[in-house]
Amino acid sequence: MKGWKNLEIGAVITEPGSSTVYKTGEWRAWRPVFQRENCIDCMICWVFCPDSSIIVEDNKVVAIDYEHCKGCGICAFECPKSKGDNESKKALIMKPEYLFREED
Amino acid sequence: MAVRLMTERKVVPYTGNMATAEALRQINPDVVAAYPITPQTEIMHFFANYVANGLVDTEFMTVESEHSALSAAVGAAAAGARAMTATAGPGLALMWEILGVASGMRLPIVIPVVNRALSAPINIHCDHSDMMGARDQGCIMLFSENAEEQYDNVIQAVRIAEDERVRLPVIIGMDGFIISHSIENVSLLTDDEVKKFVGKQTLTHSLLDIDNPVTHGPIAMADSYMEFKRQQREAMMNAYKVIREAGEEFAELKGKKYEHIETYKTEDAEYILIVMGSAAGTAKYTVDGLREKGEKVGLIKVRTFRPFPYYDVVDVIDASNVKAIGVMDRAETFGGYSGPLFEEVCTSLYTRGKIYPITGIVYGLGGRDCNLNHIEEAFDVVKRKAAGMDVPPVTYLNLRV
């Protein structure tokens with residue numbers, strides 16, 4: 001990232017549409033971990049995700065967009081395959097973000 | 001098209017408000033947004049007349065509050081206009097939030113302020129608590145001693161604010177009623193001279209430039225907010241140089257030199273008072289009187305409060321024969337050691353390793369008189385401090401007990 005001497009004066013943004021490159025997933029404190037083998041592709045997570053961060057290809061859930069997912073946990077809460085205590089059976093598990101980030 | 005009204009230099013009997021309005025007319029800003037508040041109202045009365053009579057090209061906006069006045073100026077300045085407003089006391093307090101927006105967005109808005117006490121109790125008269133309350137909002141702050149200084153400072157402020165090394169709002173304070181409503185001799189420049197001095201604003205990232213769309217005032221989270229604050233500190237440090245340059249150039253034009261501070265008979269002074277605003281004039285007169293009696297007294301008038309001229313103040317104190325210093329604040333810092341100016345002077349001295357007996361004096365709150373006798377009293381306090389006598393951290397002048 002740019003240092004204070006190189007940032008635009010007064011925080012002016014000179015590049016139109018730059019919000020598309022803003023990785024809002026940086027804010028996340030909890031990370032949904034997706035276990036493909038348990039997913040039934042019911043698409044409930046895709047419907048509920050407020051940040052359109054469930055990536056679907058050919059009618060199948062394939063991954064989570066961590067660049068934009070803010071870790072709200074709605075996907076894991078609503079997922080019919082993620083109830084109970086047995087983690088190995090779940091499709092979506094919320095885990096603390098620090099487990100995945102070296103810099104923290 | 002603005003009309004050329006003043007084709008030769010004149011000395012006129014003007015109040016501070018008239019002088020400010022005259023400066024605004026000659027600057028001919030693109031946008032002025034204002035809301036009336038005593039004692040600033042008159043500035044906008046005069047200016048509205050100029051607008052109505054076609055003497056300026058200004059888009060004059062009458063808004064519903066000071067918060068809106070500065071907000072409108074912010075929008076206009078972001079669009080690339082030369083924007084101004086003016087206010088006083090509680091009006092500046094209501095602008096407080098937007099002052100930080102203007103400085104954070106680095107918009108060169110010029111804001112003449114007629115210094116008025118803050119409520120409560122409600123009071124329309126002079127003190128500096130309005131500007132002192134806004135001192136950390138990132139605006140450059142100048143204080144004028146009289147109507148002519150206000151006129152000169154407002155003209156210089158345009159140059160200072162718009163300099164590309166600075167790009168910050170400038171607040172120019174003059175004491176309510178004492179300057180704003182008292183008629184004095186004011187020497188005016190011609191319209192052409194002012195027009196040439198303020199020049200044309202160089203636009204950067206105008207909102208109206210549709211070929212190069214920009215976003216002004218976006219969010220900056222924890223990952224970059226601090227970088228932008230650091231930029232503002234740099235701009236303030238640059239302003240120290242730019243204010244001096246503008247003052248030198250103005251001196252070439254008008255023959256009157258403006259520096260960060262003005263010294264009066266400090267060279268051999270043993271007792272020094274430091275003061276801002278109209279009281280400096282009274283204090284100079286008092287210094288003359290005391291000097292006639294053989295007392296070695298002197299005065300430092302601070303013109304630039306932000307950026308504070310640390311080096312200038314200490315250099316002058318150091319070059320004198322000072323035994324004790326009194327710092328006169330026209331504002332309170334309740335619960336602080338003494339007033340805001342006192343704190344700045346102490347910090348300046350301490351960080352240079354210079355320790356002198358120093359005492360705080362609070363005067364003139366809510367327009368309380370500060371005449372020759374009171375300045376003499378202030379010097380008495382400084383003398384007691386120099387003699388090692390017990391002096392409280394803050395002495396109130398002209399207070400009933």
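So that the names make sense, note that chain A is the first sequence line, chain B the second, and so on, each numbered from 1.
With respect to chain A, the highest number of heavy-atom pairs below 4.5 Å among B:Met105, B:Met226, B:His205, B:Gln232 belongs to B:His205. Between chain B and the options A:Lys5, A:Glu8, A:Lys2, heavy-atom pairs under 4.5 Å are most frequent for A:Glu8. When each of B:His216, B:Arg230, B:Met221 is checked for heavy-atom pairs under 4.5 Å with chain A, B:Arg230 comes out on top.
The aromatic rings of B:His128 and B:Phe143 sit tilted relative to each other, their planes meeting at an angle between 30° and 60°.
For B:Trp96, the CH2 atom counts as loosely surrounded, since its 6.0 Å shell holds 12 or fewer non-hydrogen atoms of other residues, nucleotides or ligands.
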(request) Give the C-alpha distance, both sets of side-chain angles, the deciding distance and a yes or no for side-chain hydrogen bond (donor to acceptor under 3.5 Å, both in side chains) between B:Ser65 and B:Ser68. (result) CA-CA 5 Å; B:Ser65 77; B:Ser68 305; 3.2 Å; yes

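Relative to the six-membered ring of B:Phe197, B:Arg159 meets both conditions, a distance below 6.0 Å and an angle of at most 45° to the axis.
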